[in-house]
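Just so it is clear, the values below take in all heavy atoms, side chains as well, and ignore hydrogens, waters and symmetry mates. Convention: sequence-line order gives letters A, B, ...; per-chain numbering from 1.
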Number of protein chains: 2
Amino acid sequence: MTEINLSTEEKIKAAARTIFHKKGYAGTRTRDIAEEAGINLALLNYYFRSKEKLFGIIMTETMTAFFQNLTVILNDEKSSLDQKVEQIASGYIDLISREPAIPTFIMSEIRNNPAGLLEKLPFKKLLTQSVFLKQFNTAVQEGRISEPSPIQFLMNLIGLIVFPFIAKPLLKAIGDLDETQFQNLMQQRKKLIPQWISDMTKA
Amino acid sequence: MTEINLSTEEKIKAAARTIFHKKGYAGTRTRDIAEEAGINLALLNYYFRSKEKLFGIIMTETMTAFFQNLTVILNDEKSSLDQKVEQIASGYIDLISREPAIPTFIMSEIRNNPAGLLEKLPFKKLLTQSVFLKQFNTAVQEGRISEPSPIQFLMNLIGLIVFPFIAKPLLKAIGDLDETQFQNLMQQRKKLIPQWISDMTKA
DNA sequence: GTCTATAGGGGGATAGAC
DNA sequence: GTCTATCCCCCTATAGAC
């Protein structure tokens with residue numbers, strides 16, 4: 001992470017990402033972003049016009065980046081269903097371990113669907129036009145898996161991956177875990193989740 | 001819901017619950033709470049001194065109420081492990097269907113652990129001193145279930161229940177679901193989740 | 001492009017009449 | 001207890017010098 005020698009615009013965006021991700025839109029003050037970026041408050045408005053516009057950029061970029069991996073993996077012609085599950089579990093556990101604030105950020109800020117973001121991004125295509133869906137339906141027809149619906153399947157997979165990170169403060173308290181122990185559990189889940197998903201869908 | 005004939009104090013608390021749950025602490029304006037309660041802004045401070053104090057009350061009550069069921073079920077001497085799973089799934093899917101804003105509210109607002117709330121509430125006892133834990137360990141020893149740890153088991157159970165509600169706007173977009181279809185999927189999960197949990201833990 | 005200074009408005013909290 | 005009016009701080013955004 002070379003946070004030095006970035007353009008001013010990139011420094012502001014990087015700082016905005018950090019603060020917005022941690023505190024959400026309403027909880028963030030533009031002054032905090034400016035301070036984090038090591039620049040003056042006026043520069044923020046010079047480059048991005050307003051807090052709202054800057055947030056819109058960060059939000060869109062964050063969502064796009066976060067679902068990029070998923071889209072690519074779900075549409076890989078060469079990998080099997082099982083391999084897709086493994087790649088998604090492993091890839092997202094690593095990604096969220098590096099950027100732990102993102103899931104809660106997305107879930108919180110999507111609540112009131114700001115600026116119709118859900119309509120702007122290609123969410124409908126994500127499942128309906130995917131190689132994954134074809135493979136899933138084929139596997140059901142051939143009796144290899146028994147699952148009520150692909151959306152339930154996806155809910156379970158993503159939920160098993162993402163939920164522990166969203167509920168991390170609670171789970172650390174309930175399980176009396178320190179940060180290292182929590183991370184170890186998450187690493188174990190890279191292998192466990194594919195097994196569980198397989199067990200859940202065995203015909 | 002008799003929202004009429006409540007005491008003024010209760011009207012304010014009810015309004016505060018609604019707004020805080022939907023918008024979070026930072027996104028809520030005390031003026032909105034006053035309007036929702038049908039009273040004047042000054043009365044809010046008369047009864048609760050400050051926005052922060054009012055929020056603390058709502059937060060504590062919300063968390064306590066939300067984990068009440070779980071605590072009771074996990075400590076029932078008479079029910080088996082399987083029965084506990086069924087009761088938790090069924091109870092929480094109904095509860096969250098009635099109060100859909102609560103999970104995201106808790107996950108968002110717990111981020112910075114306001115006022116050490118996690119230490120104040122009895123989360124450590126929730127698992128460590130539970131009948132559930134004894135039953136779980138016994139089942140592992142007797143070879144009836146194979147599961148890395150009780151905390152993983154709880155993560156999975158709670159995650160399978162709660163995550164779809166947290167990710168609801170995304171899942172509705174991805175699956176092209178309307179509200180009724182989404183609710184139907186959640187109702188199906190009352191029966192599916194206990195089956196899945198059973199499949200995942202079969203030795 | 002980057003800064004200082006400040007305008008402008010919103011929101012939490014209070015004073016004081018009733 | 002409940003209201004109206006108002007204070008005052010904080011935050012976003014801009015003007016204008018360099």
Student: Among D/dC3, D/dT14, C/dA13, which nucleotide has an atom closest to any side-chain atom of B/I39?
Tutor: D/dC3
Student: Would one find a side-chain N or O of A/T30 under 4.0 angstrom from OP1 or OP2 of D/dC11?
Tutor: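 It does not, given that no N or O in the side chain of A/T30 lies less than 4.0 Å from OP1 or OP2 of D/dC11.
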Student: Anything under 30° is parallel, anything over 60° is perpendicular, the rest tilted; go ahead and classify B/F153 against B/F136.
Tutor: perpendicular
Student: Quick one: A/I33 CD1 to D/dC11 C1', roughly how many Å, whole number?
Tutor: 12 Å
Student: Specify the separation, in whole Å, of atom CD1 of B/I19 and atom P of C/dG12.
Tutor: 12 Å
Student: For D/dC3, does either OP1 or OP2 sit under 4.0 Å from a side-chain N or O belonging to B/N40?
Tutor: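 So the side chain of B/N40 is outside the cut-off, no N or O lying under 4.0 Å from OP1 or OP2 of D/dC3.
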Student: Any chance the rings of A/F55 and A/F20 have centres within less than 6.0 Å?
Tutor: yes
Student: Checking A/Q183 against A/E179: is there a side-chain donor and acceptor pair closer than 3.5 Å?
Tutor: yes
Student: Of the nucleotides D/dG1, D/dA13, C/dT14, which one has an atom closest to the side chain of B/Y46?
Tutor: D/dG1
Student: Could you state the CD-P distance from A/E10 to C/dG1, rounded to the nearest angstrom?
Tutor: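 That distance rounds to 13 Å.
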Student: How is B/L41 classified with respect to the nucleic acid when contacts are heavy atoms under 4.0 Å: base, sugar-phosphate, or nothing?
Tutor: base
Student: Return the value, rounded to whole Å, for the distance between atom CG of B/L44 and atom P of D/dG1.
Tutor: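 Rounded to whole Å, this separation is 15 Å.
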Student: State whether the distance check finds a donor on one side and an acceptor on the other, under 3.5 Å, for side chain B/R29 versus base C/dG12.
Tutor: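 Flag unset: no donor-acceptor pair detected.
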Student: Quick one: A/E52 CD to D/dC11 P, roughly how many Å, whole number?
Tutor: 18 Å
Student: For B/K51 and D/dC9, what is the distance between atoms NZ and C1' respectively, to the nearest whole Å?
Tutor: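 It is 14 Å, rounded to the nearest whole Å.
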Student: Which of the following nucleotides, C/dA13, C/dT2, D/dT2, is nearest to the side chain of B/L43?
Tutor: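 The closest nucleotide is D/dT2.
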Student: Hey, are A/N156 and B/R189 close enough side-chain-wise for a donor-acceptor pair under 3.5 Å?
Tutor: yes
Student: Hey, mind stepping through B/R17 and B/E61 against salt bridge (Lys or Arg N to Asp or Glu O under 4.0 Å) and telling me if it holds?
Tutor: CA-CA 10 Å; B/R17 255 190 297 275; B/E61 287 189 3; 3.2 Å; yes
Student: If you check the B/T8 side chain, which of D/dA13, D/dT2, C/dT14 turns out closest?
Tutor: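 Of all the options, the side chain of B/T8 is nearest to D/dT2.
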Student: Can you identify which nucleotide, out of C/dG11, D/dA13, C/dA15, has its nearest atom closest to the B/A42 side chain?
Tutor: C/dA15
Student: How many whole angstroms separate atom CG of B/L54 from atom P of C/dG11?
Tutor: 17 Å
Student: Distance check needed: D/dA13 P versus A/F55 CZ, whole Å only.
Tutor: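 Answer to the nearest Å: 14 Å.
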Student: Mind checking if B/S7 touches a base, just sugar-phosphate, or nothing, with heavy atoms under 4.0 Å?
Tutor: nothing
